[in-house]
Student: 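Quick one: the structure is below, questions incoming.
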Amino acid sequence: MTLFTADYAGASVMPSPNHGERANGRKPDMILLHYTGMGSADGALDWLCREESQVSSHYFVHEDGRVVQLVPEARRAWHAGKSCWAGETDINSCSIGIEIANPGHPGGLPGFPDPQISAVVELCRDCGSRWGIPPERVLGHSDVAPIRKVDPGENFPWQELHFAGVGHWIDPTQINGGRFFQYGESGQPIEALQSMLSLYGYDIEITGNFCERTKGVVEAFQRHFRPSLVDGIADFSTIDTLHRLLKALPKYSHV
């Protein structure tokens, strides 16, 4: 493993051998956030730096806010796996991957300490500024790999990041009943829901059928943007929150 100079001034360097060329000279235009899902931060960092693991990330953020860079930003780290966003299937080539030390769902979804979130904010700000990454391209692993991945989880403070200048967010519409759509249903309203999810970037086929995939994508959306209830049911709160998020994007302000 070869030492390199950290791209982010606040990071120490611990090189991982697991990286390659970004496809077609791609530059990163996305930041992808993960939790490690392991009980030990040191164990997770060690695993990311082992050749046998065949996984890596650009950055690793400890609970106390220490930031370690494993792969140069110009290189393609191996963190996203099989994933898709806005039609792009090689997420590793277009993203900067940040692993956040947290046991996640396997460890009971513990909170993220304030020093850690502050470090994540500063790191994302720095990367976003240097690469010109728009807020809506700061995403979670579960956004680009619904069903397969659930990190960084419904306890991740996306709202806090947004208020600090990182990521796209609006306050979710209150949950208060009304018409809802769920697995097994079909029709034009389901097609409209799938269309809106696809417009935002989620990988979903527009069929008009509320299938397992649709349920999983709705859960992924809720996990990020309506985290108080992740149930895969497209209630008014979920649909209205999605609609308002789309309207907040300049390219879809007419939706």
Side-chain angles (χ1 to χ4, degrees), residues 30 32-35 37 79-95 104-106 109 134-156 158 167-255:
M30 175 190 292
L32 199 63
L33 303 182
H34 309 252
Y35 65 43
H79 58 98
K82 185 179 180 181
S83 50
C84 180
W85 188 258
E88 171 66 66
T89 56
D90 186 359
I91 299 300
N92 282 336
S93 282
C94 69
S95 64
H105 290 82
L109 281 177
E136 65 271 18
R137 300 278 289 181
V138 181
L139 299 165
H141 200 184
S142 56
D143 291 310
V144 302
I147 302 175
R148 190 176 69 84
K149 293 294 181 179
V150 293
D151 57 307
E154 51 268 37
N155 282 354
F156 187 74
W158 289 105
H168 190 212
W169 175 267
I170 58 168
D171 289 334
T173 303
Q174 184 177 356
I175 301 172
N176 56 10
R179 181 74 173 98
F180 60 87
F181 305 99
Q182 61 185 337
Y183 175 74
E185 295 189 60
S186 61
Q188 194 279 330
I190 312 302
E191 184 176 330
L193 168 68
Q194 293 168 331
S195 295
M196 287 196 296
L197 288 164
S198 178
L199 279 173
Y200 197 78
Y202 287 93
D203 181 27
I204 185 169
E205 189 177 357
I206 302 168
T207 64
N209 298 314
F210 205 118
C211 57
E212 282 288 349
R213 176 68 182 181
T214 300
K215 182 177 184 291
V217 172
V218 169
E219 287 177 348
F221 174 81
Q222 292 171 334
R223 188 165 278 115
H224 186 152
F225 295 107
R226 209 284 303 274
S228 60
L229 179 60
V230 180
D231 59 4
I233 296 174
D235 57 2
F236 176 76
S237 167
T238 300
I239 295 170
D240 191 61
T241 301
L242 172 57
H243 187 235
R244 289 164 52 229
L245 278 164
L246 280 169
K247 288 184 71 174
L249 296 177
K251 62 180 178 177
Y252 295 135
S253 59
H254 63 285
V255 174

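Bear in mind that the values here come from a model prediction, so they are computed numbers and not experimental data. The first residue in the sequence is number 1, and the count goes up from there. Scope of the values below: all heavy atoms of this structure, side chains included, with no hydrogens, waters or symmetry mates.
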Student: Check this for me: does any side-chain nitrogen of one of Asp203 and Arg213 sit under 4.0 Å from a carboxylate oxygen of the other?
Tutor: yes
Student: So Phe225 and Leu242, do their side chains get closer than 4.5 Å, heavy atoms only?
Tutor: no
Student: What are the two closest heavy atoms between Phe181 and Phe210, and how far apart are they?
Tutor: O-CE1, 3.4 Å
Student: Can you check side-chain contact (heavy atoms from CB on, under 4.5 Å) on Glu212 and Tyr183, steps first, answer last?
Tutor: CA-CA 7 Å; Glu212 282 288 349; Tyr183 175 74; 3.8 Å; yes
Student: Between Gly216 and Ile147, which heavy-atom pair has the shortest distance, and what is it?
Tutor: CA-CG1, 3.5 Å
Student: Determine whether a donor-acceptor pair (N or O, by modelled atom type, separation under 3.5 Å) exists between the side chain of Tyr35 and the backbone of His105.
Tutor: yes
Student: Just to verify, which of Ile175, Asn176, Thr241 counts as forming a side-chain contact (heavy atoms from CB on, under 4.5 Å) with Asp235?
Tutor: Ile175
Student: Would you check if the side chain of Arg223 reaches a backbone N or O of Ser142 as a donor-acceptor pair within less than 3.5 Å?
Tutor: no
Student: Any donor-acceptor pair under 3.5 Å linking the side chain of Gln194 with the backbone of Thr207?
Tutor: yes
Student: Taking the side chain as every heavy atom from C-beta outward, state whether Leu245 and His224 have any atom pair closer than 4.5 Å.
Tutor: no
Student: Apply side-chain contact (heavy atoms from CB on, under 4.5 Å) to residues Ser237 and Gln222 and explain how you reach the verdict.
Tutor: CA-CA 10 Å; Ser237 167; Gln222 292 171 334; over 6 Å; no
Student: State, yes or no, whether a side-chain contact exists between Val218 and Leu193 at a heavy-atom distance under 4.5 Å.
Tutor: yes
Student: Do you know which two heavy atoms are closest between Leu229 and Asp231, and how far apart they sit?
Tutor: CD2-OD2, 3.4 Å
Student: What's the separation between atom CD1 in Ile190 and atom CD1 in Ile206, rounded to the nearest 0.5 Å?
Tutor: 13.0 Å
Student: For Ala220, give me all partners under side-chain contact (heavy atoms from CB on, under 4.5 Å), at least two apart in sequence or on another chain.
Tutor: Pro146, Tyr202
Student: Any chance you could measure Leu199, atom CG, to Leu246, atom CG, to the nearest 0.5 Å?
Tutor: 6.0 Å
Student: Given side chain to side chain donor-acceptor pair (under 3.5 Å), test His79 with Ser95 step by step and report yes or no.
Tutor: CA-CA 9 Å; His79 58 98; Ser95 64; 3.1 Å; yes
Student: Which distance, rounded to the nearest 0.5 Å, do you find between the CD1 of Ile233 and the CD of Gln182?
Tutor: 5.0 Å
Student: What is the minimum heavy-atom distance between Arg137 and Ala86, and which atoms define it?
Tutor: NH1-CB, 4.4 Å
Student: State, yes or no, whether a side-chain contact exists between Thr238 and Phe180 at a heavy-atom distance under 4.5 Å.
Tutor: no
Student: For a 4.5 angstrom cut-off between non-hydrogen side-chain atoms, does Phe156 reach Pro227?
Tutor: no
Student: Nearest 0.5 Å please: distance from the CG atom of Leu139 over to the NE2 atom of His168.
Tutor: 11.0 Å
Student: Charged N to carboxylate O below 4.0 Å: is that the case for Lys215 and Glu219?
Tutor: yes
Student: Is the backbone N or O of Ala80 less than 3.5 Å from a side-chain atom of Asn92, with the two atoms forming a donor-acceptor pair by type?
Tutor: yes
Student: Quick check for you: to the nearest 0.5 Å, what is the distance between Ser198 atom OG and Glu191 atom CD?
Tutor: 11.5 Å
Student: Compare all side-chain heavy atoms of Ile204 with those of Thr214 and state whether any distance is below 4.5 angstrom.
Tutor: yes
Student: Could you check Glu136 against Tyr200 for side-chain contact (heavy atoms from CB on, under 4.5 Å), going step by step and ending with a plain yes or no?
Tutor: CA-CA 9 Å; Glu136 65 271 18; Tyr200 197 78; 4.3 Å; yes
Student: List in chain and number order the residues that pass side-chain contact (heavy atoms from CB on, under 4.5 Å) with Thr89, two or more places apart in sequence or in another chain; answer none if no residue qualifies.
Tutor: Cys84
Student: Between Val138 and Trp169, is a side-chain contact (heavy atoms from CB on, under 4.5 Å) present by the stated rule, with each step listed?
Tutor: CA-CA 10 Å; Val138 181; Trp169 175 267; over 6 Å; no
Student: Determine yes or no for a side-chain-to-main-chain donor-acceptor pair under 3.5 angstrom, with Arg226 supplying the side chain and Ile239 the backbone.
Tutor: no
Student: To check you understand the geometry: which heavy-atom pair defines the closest contact between Trp85 and Ile91, and what is its length?
Tutor: N-CD1, 3.7 Å
Student: Where do His141 and Leu32 come nearest, in terms of heavy atoms and distance?
Tutor: N-CD1, 4.0 Å
